[in-house]
Amino acid sequence: MLMEKLLDKLAIDGGKPARSKPLPPNYPGAMAFGEEEVERVSRVIRSKSPFRFYGVDQQDTVRTLEEMMAKELKVPYVLGVTSGTAALMVALKALGIGYGDKVAVPAVTFLATATAVICCNAVPVFVDVDESLNMDPNDLERVLDGEVKAIITVPIVGVPVDMDPIMAIAARHGVKVLEDVAQSCGVMYKGRYAGTIGDIGTYSFQMNKILTAGEGGAVVTADRVLCERAVRYHDQGMCRPQLRERYGLDGKDEEMAFAGQNYRMSEITGAVLVEQWKKIDQIVGGMRRNYRKLREGLKSQIPTIEFRKSPDPEGDVGCTLGLRFKSALDAARFNEASAAENIGTYCLYGGKPVYVNPQISCQRSADGRGFPFNFPFKNPVNYGEGMCPRSMDLLPRTAFMPVSPLLGEQDIEEIIQGVAKLYRGLGLE
Ligand SMILES: *Cc1c(COP(=O)(O)O)cnc(C)c1O
């Protein structure tokens, strides 16, 4: 009994930490960097051809990445771009979103999902989340007022969105669907990769995401016209012969050209990502395996434990494990005490829906002249704090544990025992 008490003493109260060292850094792609990335980047440098469309000895790394992604995701058109945000801009512009449009965005997401809408001169409106912390299909029709032209779904840190009801509602209202899969490369829903279910999908390869080149992104679609519009927006409105021929695009400037940006992916980024993409099974497979072991182990140690829900647990990518508590205070106590045990769990986005951020709540774009919020919408947009009450309730009550593919058996056992100790010690059972 005394022994048990001693073992149960929390590290935060001076007990022995459950783990002697912190979890592996939460950069799964970068942690998997090896000589393969070095070699392929070096080849680009040695070939003196860092640009995808011409050079002296082209290595076609961006093209290779696009082909690898297309094959794995089973989608005909993939376009490499400079970032996940660029991918969102390109996808929104491909869908024709602009001034006078609204776009439905989940209340729980990273800033970029909502700010890309504003940077496209449209106005985001927010949909509450369900128990998965992703867009709640039951709250979607509340915002579809005829002025909403597209819906952006976001599988937040590894759990798929319940796409079937969302696709059905979108079809009924004649609204397009963009899947922002930035955080969840590899996540699946009913046997299909997220990103390939809606009209268009976007990926990010920033440092914090699952696969990385530091920066990078991609747009995927099965629609040839959306593909051509994406190609054009990402490349100054041009449709160069390389992509036109490969993808069988129309390419007629008189009908299709418009002003675009430069969001082209560099061959150096492409080189890193070709090697990263080859490791998707290793990285995502490792996460999934560890995520399942942690869930099963925790469930057997703590029968009352509540996890974040998923509409298709088979499809979870497993990059984080969400633990649900009765109150925000309990979650905060858990996060503080878990850090002392060297099991760093965290509160996602400070526990706040995206629309409370000043970048959105101030309704201001860079020119400061009220654009695009000044459009005379029939149904004016207001961002009240209490707009999405379930997000406000569920997000701060959830603690997220990063799950690395690098965790070994001993790490997993220490985490399970440590979390069980925390539930007992903090009275969270
Ligand atoms: C990170 C992220 C983005 C932006 O990706 P960048 O590559 O950093 O521009 C967009 N959407 C979501 C949901 C993200 O998590």
Side-chain angles (χ1 to χ4, degrees), residues 26-30 62 65 69 78-93 95 97 103-120 122 124 126-127 129 132-135 150-161 163 166 177-187 193-195 197-198 200-220 230 233-234 261-266 268-270 272-273 276-277 317 319-320 322 346-350 352-355 357 359-360 391 395 400 402:
N26 192 20
Y27 307 120
V62 179
L65 170 72
M69 288 183 71
V78 178
L79 181 67
V81 295
T82 46
S83 70
T85 306
L88 283 169
M89 294 293 295
V90 166
L92 286 164
K93 291 294 183 182
L95 291 170
I97 298 301
V103 176
V105 170
V108 174
T109 186
F110 178 59
L111 269 178
T113 316
T115 53
V117 171
I118 301 171
C119 292
C120 277
F126 296 92
V127 180
V129 299
S132 72
L133 285 173
N134 295 332
M135 181 181 279
I151 300 163
I152 308 183
T153 59
V154 186
I156 288 294
V157 286
V159 169
V161 180
M163 292 305 290
I166 290 175
V177 177
L178 188 175
E179 293 176 88
D180 174 4
V181 195
Q183 310 178 344
S184 304
C185 181
V187 73
Y193 276 107
I197 300 166
I200 197 160
T202 60
Y203 286 81
S204 166
F205 302 114
Q206 185 265 344
M207 175 77 169
N208 219 202
K209 318 295 177 170
I210 292 176
L211 303 180
T212 194
E215 302 279 9
V219 179
V220 309
Y233 194 73
H234 109 296
Q261 298 268 4
N262 168 15
Y263 289 136
R264 297 178 301 253
M265 182 182 279
S266 139
I268 297 172
T269 301
V272 177
L273 291 174
Q276 286 274 293
W277 193 267
V317 82
C319 54
T320 60
Y346 64 95
C347 175
L348 189 64
Y349 303 134
K352 291 186 177 140
V354 68
Y355 56 77
N357 287 291
Q359 290 83 352
I360 296 155
S391 304
L395 194 56
F400 288 87

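In listed order, ligands and their atoms are each counted from 1. The figures here come from the full heavy-atom set of this structure, side chains too, leaving out hydrogens, waters and symmetry mates.
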In ligand 1, the atoms that come under 4.0 Å of a heavy atom of Phe110 are 1 (C), 2 (C), 3 (C), 12 (C), 14 (C), 15 (O)
Could you tell me, atom by atom, which parts of ligand 1 come under 4.0 Å of a heavy atom of Ala112?
3 (C), 4 (C), 10 (C)
Only heavy atoms of Gln206, strictly under 4.0 Å: list the atoms of ligand 1 that pass.
7 (O), 8 (O)
Quick check for you: to the nearest 0.5 Å, what is the distance between Gln276 atom CD and Thr269 atom OG1?
11.5 Å
Which atoms from ligand 1 have a heavy atom of Thr109 less than 4.0 Å away?
13 (C)
Looking at ligand 1, does any of its N/O atoms fall within less than 3.5 Å of an N/O of Asp180?
yes
One residue to check: Ser83. Relative to ligand 1, which of side chain, backbone, both or neither has a non-hydrogen atom less than 4.0 Å away?
both
Would you give the length of the straight line joining atom CG of Leu88 to atom OG of Ser83, rounded to the nearest 0.5 angstrom?
8.0 Å
Numbered atoms of ligand 1 (with element) below 4.0 Å of Val154, judged on heavy atoms:
13 (C)
Measuring from atom CG of Leu133 to atom CG of Leu348, what distance do you get when rounded to the nearest 0.5 angstrom?
8.0 Å
Checking the N or O distance criterion of under 3.5 Å, is ligand 1 in contact with Lys209?
yes
Please state which part of Ile156 comes within less than 4.0 Å of ligand 1, counting heavy atoms only: side chain, backbone, both or neither.
neither
Relative to the ring of Tyr355, is the ring of Phe126 parallel (under 30°), tilted (30 to 60°) or perpendicular (over 60°)?
tilted
Ile200 CD1 to Leu92 CG distance, which is reported to the nearest 0.5 Å
8.5 Å
I'd like to know whether OH of Tyr349 has more than 12 heavy-atom contacts from other residues, nucleotides or ligands below 6.0 angstrom.
yes
Do any N/O atoms on Gly84 end up under 3.5 angstrom from N/O atoms on ligand 1?
yes
Those atoms of ligand 1 less than 4.0 Å from some heavy atom in Ser204:
5 (O), 6 (P), 7 (O)
Fit a plane to each ring of Tyr263 and Tyr233, take the angle between them on a 0 to 90° scale, and name the class: parallel (under 30°), tilted (30 to 60°) or perpendicular (over 60°).
tilted
Would you check whether Gln183 has a nitrogen or oxygen atom less than 3.5 angstrom from a nitrogen or oxygen atom of ligand 1?
yes
